[in-house]
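Data first, discussion second: the structure below is written as structure tokens.
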Amino acid sequence: MSDYNAIWVDADACPKVIREILFRAAQRVEIQLILVANHALPVPKSPLIQCIQVEQGFDMADNFIVQHVKANDLVITSDIPLAAELIEKGAHVITSRGEKYTRDNVRQRLNMRDFMDTMRSSGEMTGGPPALGQRERQAFANGLDQYLAGCVGRSRSK
């Protein structure tokens, strides 16, 4: 096993194509990949990759990730409240669309999410995000590569 940090995946809503990119990356750079979901997910047989199935229930996977993530771990999630909590713990967060959440932008995203939730509850039809396309998959792969390149740099300087 390498000196890299772990990659955690909020896997309940993570697209299969993104999980497959993560599987390949974990094997390539020998980094621990942990998928957390409230249902069983198929994962390749590897000592580097595991799927942890938590109980059914609101935020059970999120709570498990928050309890176990360490500073400088990477978390893949599109859940903005979860991202805000993880950033406070020093974790890195990117979405399955390649957007990087930071201390500087997560509060703004959280405010926008709350605003849109208010709009939906008042009967406004806002729709969901567009389908995951090639551009978003490439943005995700690029964000993942940036994180892994940073891990290589930290690992070599130890």
Side-chain angles (χ1 to χ4, degrees), residues 1-103 105-107 109-110 112-114 116-117 120-121 126-148 150-151:
M1 181 105 70
S2 72
D3 292 331
Y4 300 149
N5 299 313
I7 298 174
W8 293 84
V9 182
D10 181 8
D12 285 322
C14 185
K16 182 179 179 186
V17 66
I18 298 302
R19 292 193 313 262
E20 290 170 353
I21 291 169
L22 288 162
F23 296 152
R24 289 190 299 272
Q27 298 289 9
R28 184 179 77 240
V29 299
E30 298 181 345
I31 190 168
Q32 189 71 42
L33 176 64
I34 306 146
L35 291 86
V36 182
N38 60 21
H39 61 283
L41 291 169
V43 297
K45 286 194 180 287
S46 168
L48 297 169
I49 301 170
Q50 63 179 312
C51 181
I52 297 173
Q53 186 174 348
V54 296
E55 291 181 33
Q56 295 281 333
F58 184 70
D59 285 344
M60 295 299 285
D62 297 0
N63 294 339
F64 185 91
I65 293 169
V66 169
Q67 290 170 6
H68 293 89
V69 75
K70 294 181 175 36
N72 291 318
D73 283 355
L74 175 64
V75 181
I76 312 305
T77 186
S78 294
D79 183 318
I80 302 169
L82 174 59
E85 205 170 344
L86 293 166
I87 288 169
E88 288 300 315
K89 289 191 75 170
H92 302 272
V93 180
I94 61 175
T95 71
S96 58
R97 295 176 174 275
E99 181 179 6
K100 183 177 181 181
Y101 288 136
T102 65
R103 287 189 190 278
N105 72 12
V106 75
R107 290 290 163 209
R109 301 295 192 285
L110 197 51
M112 179 57 77
R113 174 198 167 271
D114 292 344
M116 296 303 285
D117 191 45
R120 282 188 292 277
S121 66
T126 58
L132 193 69
Q134 184 59 37
R135 179 180 295 158
E136 291 83 10
R137 288 191 293 263
Q138 188 61 52
F140 173 79
N142 290 342
L144 179 61
D145 284 346
Q146 286 175 351
Y147 173 79
L148 295 174
C151 288

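Reckoned from all heavy atoms, side chains included, excluding hydrogens, waters and symmetry mates. Remember, predicted model here, so these are calculated numbers, not experimental data. The first residue in the sequence is number 1, and the count goes up from there.
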Next item on the list: Classify the side-chain pair N142/Q138 by whether it contains a donor and acceptor separated by less than 3.5 Å.
Entry: yes
Item checked: Any side-chain heavy-atom pair of V43 and Q50 under 4.5 Å -> no
Margin query: If I take atom CZ from residue R24 and atom CG from residue L33, how far apart are they, to the nearest 0.5 angstrom?
Written below: 12.0 Å
Item checked: Distance (rounded to the nearest 0.5 Å) between H92 NE2 and I7 CD1 -> 11.0 Å
Checklist line | Nearest-0.5 Å distance that lies between atom NE2 in H39 and atom CD in Q56 | finding: 8.5 Å
Margin query: With a 4.5 Å cut-off on side-chain heavy atoms, are H68 and V36 touching?
Written below: no
Checklist line | Closest approach of N38 to Q53 (non-hydrogen atoms, all atoms of both residues) | finding: O-NE2, 3.8 Å
Item checked: Nearest non-hydrogen partners of Y147 and N5, listed with the distance -> OH-CB, 3.2 Å
Notebook entry, point to check: So with a 6.0 Å cut-off around CD of E55, is the heavy-atom count from everything else above 12?
Noted result: no
Next item on the list: Report the distance from atom CD1 of I76 to atom CZ of R97, rounding to the nearest 0.5 Å.
Entry: 14.0 Å
Item checked: Nearest-0.5 Å distance, CG of residue L22 to CD1 of residue I34 -> 12.0 Å
Notebook entry, point to check: Run the side-chain contact (heavy atoms from CB on, under 4.5 Å) check on K89 and K70 step by step: do they pass?
Noted result: CA-CA 7 Å; K89 289 191 75 170; K70 294 181 175 36; over 6 Å; no
Check: Looking only at heavy atoms, which two atoms of A11 and L41 are closest? And how far apart?
Finding: CB-CD1, 3.4 Å
Check: Which atom names give the shortest non-hydrogen contact between Q32 and I49, and what distance separates them?
Finding: NE2-N, 4.3 Å
Item checked: OG1 on T77 to OH on Y101, rounded to 0.5 Å -> 8.0 Å
Item checked: Taking every non-hydrogen atom, the tightest pair across A25 and I31 -> O-CG2, 4.5 Å
Checklist line | Under 3.5 Å: donor-acceptor pair, side chain of E85, backbone of L82 | finding: no
Item checked: Residue pair F140 / T95: nearest heavy atoms and the distance that separates them -> CD1-O, 3.2 Å
Check: So do the side chains of L144 and L74 get within less than 4.5 Å of each other, counting heavy atoms only?
Finding: yes
